[in-house]
Amino acid sequence: MIARTLITTANERTWPKEKDVPVLFLGEWCKRYSRKEKWGGLNATVAPYHWDDRKMLYADYQYLQELYEKLLVELSHKLNQIHSVKYSLRYWRILIGPWLGYFIQMLFDRWSMLGQSIEKLECTNCRIIERDSLSITPNDMENFIRLFIEDDWNEAIYGQLLEKCFSKLIKIEKIQPQEQNKNQHSVIRQGWKIRLKFQLKSLIRRFNELLPNKVGYFFLSSYLPLKTELILQVRLGQFPRFWSTQKVSVVRPHRDKRQWQLGGKNHSDDSFEVIARQFIPLHIPTSYLEGYEQLMKTVDMSSWPKKPKVIFTSNNYLADDFFKAWAAEKVEKNTPLIIGQHGGHFGMTPFSFHEEHQINIATKWLSWGWSDSSRTQVMPMGILKCFGRLVTYDPNGGALMVEMTIPRYSYHLYALPVSSQWLNYLADQKAFLQALPQKLREQVLLRLYPDIHGWDQFERMQDQMPEVRLELGELDIRKLIEKNRLLITTYNATSFLESLTWNIPSIVFWNPEHCELREEVKPYFELLQSVGIFHKNPESAAQHMVEVWDDVSAWWESTEVQSARAQFCHQFARTPDNPIGDLQAFFQSVSNDYDLSASG
């Protein structure tokens with residue numbers, strides 16, 4: 001076996017200077033397509049990705065969830081001690097849970113790939129950037145999300161793991177840091193209606209400051225259409241209020257504040273658990289440690305309600321540390337926290353960190369139709385973002401194909417392609433398009449997701465399928481749908497649920513090995529499959545498109561298709577007959593329960 005130099009990321013400063021040196025790329029994430037002239041001529045091989053074994057992925061997810069719960073308890077106790085407070089586990093789960101869950105899962109992936117590659121694939125040396133161990137400590141969750149998709153953060157994590165765990169197995173050369181050029185991210189242009197909505201909300205927010213601070217129902221990023229939310233708030237007996245969150249103050253990490261451990265003596269027979277305990281004090285965001293006092297002062301001084309009866313959001317539970325700190329404090333005083341389903345995938349798949357976290361912190365969790373007898377917080381309400389919103393299609397139009405992208409480096413785990421498995425996803429997209437006749441392929445508009453992850457999808461498609469029309473995710477998708485006769489969706493998320501709700505002719509396909517489904521859910525997809533909506537491979541989807549293209553409406557409006565669509569939507573994308581009335585009754589019921597508990 002050839003001895004190779006290990007390359008962990010796409011940061012080319014850590015690559016060997018000599019082109020003839022045999023190298024091992026730790027993963028496909030190292031090989032930017034836009035830099036293929038750099039790596040194309042190297043004597044290189046790529047390490048197999050451990051989570052290409054999806055059974056291993058699922059087993060690791062279960063292990064990591066158990067470890068997460070264990071460390072969350074310990075970290076909550078430690079933060080209570082550091083900050084001289086006595087908050088509950090639920091409080092800390094709301095505030096720090098998203099970061100801790102993400103970080104543990106990502107750290108495990110990096111640690112596992114290093115161990116597998118160094119111990120089995122004859123890596124003899126590597127180069128890492130010398131840097132202060134706190135140089136990549138995030139300020140808050142929003143900052144963390146921006147950091148972990150970048151090569152620089154991942155190179156630093158790999159470097160710290162190499163020094164901590166593998167320095168006796170591989171020769172490490174340190175190189176001096178320098179100012180790095182950040183990847184250029186796509187700028188998403190906003191249409192005039194979006195800008196108008198933003199301006200309208202800004203005016204109302206300013207007006208809020210003139211109104212009394214007593215608010216019964218606090219809505220923030222509800223996912224409801226603006227008109228629906230306005231009417232709902234009026235029916236609930238309050239002047240419509242729209243709130244804007246606040247940025248968390250930037251606070252630098254201090255080493256003397258991080259000289260602590262989790263679990264006392266830090267003993268464990270689990271080698272990764274030991275590493276996680278050592279890394280958490282170094283990487284926990286400053287807003288939970290050095291900046292926590294400032295964060296709570298900002299919350300206390302804000303114009304947000306002091307005693308809301310109900311808190312409702314469909315989005316801010318994840319990255320908004322200001323909201324999370326405020327909401328966690330209110331939940332400690334028994335204010336109900338209601339979370340609405342945000343996007344697809346929920347209730348369908350065997351594992352999802354987001355789903356578990358949201359339901360665990362919520363008093364009630366509003367699903368788009370499904371329920372779960374083992375989790376009583378889940379309440380079927382309907383597809384919130386489509387309430388009162390209609391979209392049509394053009395029977396004589398073209399076809400819109402909606403794409404996705406994921407970070408090159410893994411992040412939180414759920415049943416979708418992980419990291420380099422996106423390349424398998426891309427291969428399926430090309431297989432679908434290649435299976436179409438040339439004239440039909442020219443009818444397809446391929447809507448790309450804004451390329452913030454460095455897969456260079458636009459360049460790939462331009463080079464490999466120049467005849468396909470591309471849209472960079474900048475235009476209003478509803479307007480695009482209305483110009484086409486067929487919507488093709490290619491992953492388990494929001495788009496296909498919206499299209500079925502709007503009764504848009506739809507073809508859905510994805511790889512079932514990378515988008516696993518729960519056993520109890522499979523009959524619903526088999527129903528869609530039986531009428532040509534859902535397909536398990538790109539060739540079947542393309543063949544069906546060919547068969548129905550000349551009269552899509554006849555296929556879509558047939559009794560069989562409409563019956564299957566209605567049954568599926570009732571379970572996963574429901575539209576109630578009276579959505580505003582249902583929401584009004586729900587929130588009033590929750591508020592009444594709160595009043596009773598408060599008076600008791």
Side-chain angles (χ1 to χ4, degrees), residues 9-10 29 64 68 72 75 92-110 134-158 180 182-188 220-221 223 244-253 279-280 282-292 295 313-328 339 342-343 345 352-358 361 404-414 416-419 422 449-455 473 493-494:
T9 71
W29 52 82
L64 290 168
Y68 163 76
L72 179 63
L75 185 54
W92 291 111
R93 187 188 297 275
I94 291 171
L95 182 57
I96 68 173
W99 171 80
L100 183 63
Y102 273 48
F103 184 71
I104 290 172
Q105 292 177 0
M106 289 188 284
L107 188 68
F108 180 83
D109 173 57
R110 286 31 164 200
L134 299 181
S135 63
I136 57 166
T137 300
N139 188 70
D140 51 42
M141 185 64 184
E142 183 180 22
N143 179 225
F144 178 63
I145 290 172
R146 289 197 301 270
L147 287 174
F148 70 65
I149 64 174
E150 300 287 356
D151 295 313
D152 192 59
W153 185 88
N154 284 280
E155 192 283 328
I157 289 290
Y158 282 124
Q180 297 292 309
K182 298 295 183 182
N183 294 333
Q184 295 298 312
H185 293 175
S186 299
V187 177
I188 303 174
L220 182 67
S221 301
Y223 224 34
S244 58
T245 190
Q246 297 186 34
K247 291 290 185 181
V248 174
S249 298
V250 176
V251 178
R252 298 179 65 85
F279 273 59
I280 286 170
L282 290 175
H283 291 274
I284 184 172
T286 59
S287 62
Y288 311 147
L289 197 60
E290 297 92 342
Y292 177 77
L295 173 62
T313 186
S314 293
N315 195 15
N316 292 65
Y317 55 81
L318 175 66
D320 186 348
D321 281 347
F322 176 83
F323 168 80
K324 290 187 294 180
W326 175 83
I339 296 179
H342 180 102
H345 193 273
S352 168
F353 172 74
H354 265 205
E355 181 177 314
E356 291 195 44
H357 171 71
Q358 292 174 42
I361 66 173
M404 71 136 184
T405 186
I406 55 175
R408 282 177 294 134
Y409 306 91
S410 74
Y411 62 140
H412 71 92
L413 297 181
Y414 60 133
L416 275 184
V418 180
S419 185
W422 182 84
Y449 193 88
D451 193 4
I452 63 173
H453 297 132
W455 284 117
T494 309

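- No side-chain heavy atom of Y223 sits less than 4.5 Å from a side-chain heavy atom of N315.
- A ring-centre distance under 6.0 Å is not found for H354 and Y414.
- Between the side chains of Y288 and D321, at least one donor N or O sits under 3.5 Å from an acceptor N or O.
- Classified by interplanar angle (parallel below 30°, tilted 30° to 60°, perpendicular above 60°), the ring pair Y68/F353 is perpendicular.
- Residues I145 and Y411 form no side-chain contact, since every pair of their non-hydrogen atoms from C-beta on lies 4.5 Å or further apart.
- Residues H283 and I136 have side chains in contact (heavy-atom distance under 4.5 Å, counting atoms from C-beta outward).
- In this structure, the separation between CE on M141 and CG on L95 is 11.0 Å, given to the nearest 0.5 Å.
- Proximity of a side-chain donor or acceptor of D140 to a complementary backbone N or O of D320 within less than 3.5 Å is not detected.
- T137 contributes a side-chain N or O that, together with a main-chain N or O of L282, makes up a donor-acceptor pair within less than 3.5 Å.
- Partners of N154 according to the side chain to side chain donor-acceptor pair (under 3.5 Å) rule, which considers only residues two or more places apart in sequence or in another chain, are R110.
- Annotation: side chain of Q246 is not in contact with side chain of W326 (no heavy-atom distance under 4.5 Å).
- No side-chain heavy atom of S221 sits under 4.5 Å from any side-chain heavy atom of H342.
- Side-chain atoms of I406 and V418, non-hydrogen and from C-beta on, never get closer than 4.5 Å to each other.
- Going from atom CD1 of I96 over to atom CG of L75 covers 4.0 Å, rounded to the nearest 0.5 Å.
- A side-chain donor-acceptor contact under 3.5 Å links K324 to the backbone of L318.
- For the atom pair L295 CG and L289 CG, the distance stands at 12.0 Å (nearest 0.5 Å).
- From F108, atom CZ reaches atom OG of S410 across 10.5 Å, with rounding to the nearest 0.5 Å.
- The distance from the CH2 atom of W92 to the CG atom of L100 is 12.5 Å, given to the nearest 0.5 Å.
- Ring geometry for Y317 versus H357: interplanar angle of 30 to 60°, hence tilted.
- Under the side-chain contact (heavy atoms from CB on, under 4.5 Å) criterion, Y449 pairs with T405, Q457, sequence neighbours left out.
- Within the structure, no pair that satisfies the salt bridge (Lys or Arg N to Asp or Glu O under 4.0 Å) test touches residues 94-104, not counting sequence neighbours.
- At least one side-chain heavy atom of W153 sits less than 4.5 Å from a side-chain heavy atom of F144.
- Proximity of a side-chain donor or acceptor of S419 to a complementary backbone N or O of R408 within less than 3.5 Å is detected.
- Here the side chains of Y409 and D151 are in contact, with some heavy-atom distance below 4.5 Å.
- Contact between G291 and V251 at its shortest, heavy atoms only, is CA-CG2, 3.8 Å.
- In this structure, NE2 in H453 is found 10.5 Å from CE in M404, a value given to the nearest 0.5 Å.
- Minimum interatomic distance between W99 and P138 (heavy atoms only, all atoms of both residues): NE1-CG, 4.5 Å.
- Minimum interatomic distance between I452 and I149 (heavy atoms only, all atoms of both residues): O-CD1, 3.6 Å.
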Candidate pair E142 and V248, rule side-chain contact (heavy atoms from CB on, under 4.5 Å), full reasoning: CA-CA 9 Å; E142 183 180 22; V248 174; over 6 Å; no
